[in-house]
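In what follows, chains are A, B, ... by sequence order, proteins preceding strands, each numbered from 1. If you're wondering where the values come from, they're calculated on a predicted model, not measured in any experiment.
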Amino acid sequence: MMSKIKKLMSDCKCIDCDNRFCAFAVLNDSEIKLLCNNHAEVKFKKKEIIIKQGALTTNVVYIKSGLVKEHITGPNKKEEILQIVKSPFFLGIHAMFSDRINQYSLTAIEDTTVCFINSEILKILLRKNSEFTYQILMHVCKDQINNFHQCVNKVQKHLHGCVADAILYLADNIYESDHFKLSITRSDIAGLIGTSRECVSRALAKFSHEGIIDLNNKTVKILNKSLLQKISEVG
DNA sequence: GCATTAACCACAG
DNA sequence: CTGTGGTTAATGC
């Protein structure tokens, strides 16, 4: 009997997953196994759509590795980028407690690995393991607070403040370096801060002329970070 | 009025 | 996909 259980556990790949989200760390072995038996790991290439706005979903999306944009097409048919997220990250939890329709799309920006996890199974785990629920709730709240700040910033700040914000965000949170190669387009940056690609181009060129950044096609090097932060603050 | 800001359009690398 | 120039509309001295 024990050996049979052991055998089953050894078949569970999730137990050895080296990219486990902090929330998963509080699951016990049988819970991990339940998760494992109800998930599918899928690799996406750059630009591939992971989930589409409007589609019915029975899964939650866990970004295991890679970079993803969360975007929504508004009533005027214009695309807005809600956020760009890096692994590890949990998405699609909202749909699970509402009408199960995706309110937004997810698209891979770089090659990405995601785990689709069955929503009903996740609900069982949330009911069963309060520490897990606590972790997930914390994640959802942090995510929402970020969204609030981003929303206020893009509505109230001027163009240059928004572009400065975007550069700092990419450097600090996404690429984790002040010298990085963009894997997103100017249009994406524009979508992120709610402006046009032309304005992003002009703002970047201006920053470059003023010696705040070094710009070379897709590579960006921040030369004067404190000034960039100042621009971000005063908007 | 005049200046500034930023969106939209068109065109070209 | 980007960069540039021209135009236009809104807003603030």
Side-chain angles (χ1 to χ4, degrees), chain A residues 43-54 63 65-87 89 91 103-114 146-235:
Chain A
K43 289 185 192 304
F44 289 91
K45 291 232 183 308
K46 191 175 174 166
K47 291 185 183 174
E48 278 187 323
I49 296 167
I50 298 166
I51 64 168
K52 188 153 172 67
Q53 183 177 349
I63 313 295
S65 71
L67 199 60
V68 162
K69 71 171 169 180
E70 185 183 43
H71 51 113
I72 182 165
T73 306
N76 60 0
K77 289 202 264 180
K78 244 180 66 184
E79 187 199 59
E80 301 283 335
I81 298 182
L82 298 172
Q83 59 179 345
I84 290 173
V85 296
K86 199 179 58 169
S87 65
F89 209 92
L91 288 162
Q103 298 298 312
Y104 49 80
S105 299
L106 293 180
T107 302
I109 291 172
E110 294 171 0
D111 290 355
T112 294
T113 304
V114 312
N146 278 338
N147 275 301
F148 288 165
H149 284 150
Q150 241 174 307
C151 182
V152 176
N153 282 350
K154 77 173 162 189
V155 170
Q156 294 192 353
K157 283 186 183 178
H158 285 165
L159 179 77
H160 292 125
C162 290
V163 175
D165 268 357
I167 298 170
L168 291 169
Y169 175 74
L170 291 169
D172 294 339
N173 299 306
I174 301 297
Y175 300 114
E176 292 180 1
S177 164
D178 287 351
H179 188 188
F180 53 88
K181 184 173 183 296
L182 282 170
S183 48
I184 59 174
T185 65
R186 314 278 145 128
S187 275
D188 285 334
I189 298 175
L192 190 62
I193 60 182
T195 183
S196 63
R197 60 165 192 87
E198 295 99 317
C199 289
V200 173
S201 278
R202 276 188 253 257
L204 288 176
K206 191 168 183 245
F207 288 163
S208 177
H209 288 145
E210 290 172 353
I212 301 167
I213 58 169
D214 185 35
L215 188 64
N216 216 324
N217 294 326
K218 289 280 190 184
T219 62
V220 177
K221 190 175 184 181
I222 297 174
L223 300 174
N224 190 342
K225 196 164 190 176
S226 55
L227 185 52
L228 208 55
Q229 281 159 344
K230 192 77 194 166
I231 294 169
S232 162
E233 278 169 34
V234 300

Query raised in the report: T113(A) side chain to K43(A) main-chain N or O, any donor-acceptor pair under 3.5 Å?
Result: no
Query raised in the report: Given atom CZ of F207(A) and atom C1' of dG3(C), what is their separation to the nearest angstrom?
Result: 17 Å
Query raised in the report: Do V163(A) and I189(A) have side-chain heavy atoms sitting under 4.5 Å apart?
Result: no
Query raised in the report: Y175(A) vs F180(A) aromatic rings, parallel, tilted or perpendicular, using cut-offs 30° and 60°?
Result: parallel
Query raised in the report: Above 12 or not: heavy atoms from other molecules or residues under 6.0 Å from NE2 of H179(A)?
Result: yes
Query raised in the report: Once you round it to whole Å, what is the distance between C1' of dG3(C) and CZ of R186(A)?
Result: 9 Å
Query raised in the report: Does OP1 or OP2 of dC1(C) have a side-chain N or O of K218(A) closer than 4.0 Å?
Result: no
Query raised in the report: Backbone N or O of N173(A) within a donor-acceptor pair of the K86(A) side chain at under 3.5 Å?
Result: yes
**Report entry** For atom NZ of K206(A) and atom P of dG5(C), their distance in whole Å
**Finding:** 16 Å
Query raised in the report: Taking atom C1' of dG3(C) as reference, at what distance in whole Å does atom CG of L215(A) sit?
Result: 11 Å
Report task. Would you mind building the protein contact string for nucleotides 2-9 of chain B? One character per nucleotide, 5' to 3', B for base within reach (heavy atoms under 4.0 Å), S for sugar-phosphate only, - for untouched. Result -> ----SSBB
Query raised in the report: Per the side chain to side chain contact (heavy atoms under 4.5 Å, CB included) rule, which among E79(A), E70(A), Q53(A) passes with S105(A)?
Result: Q53(A)
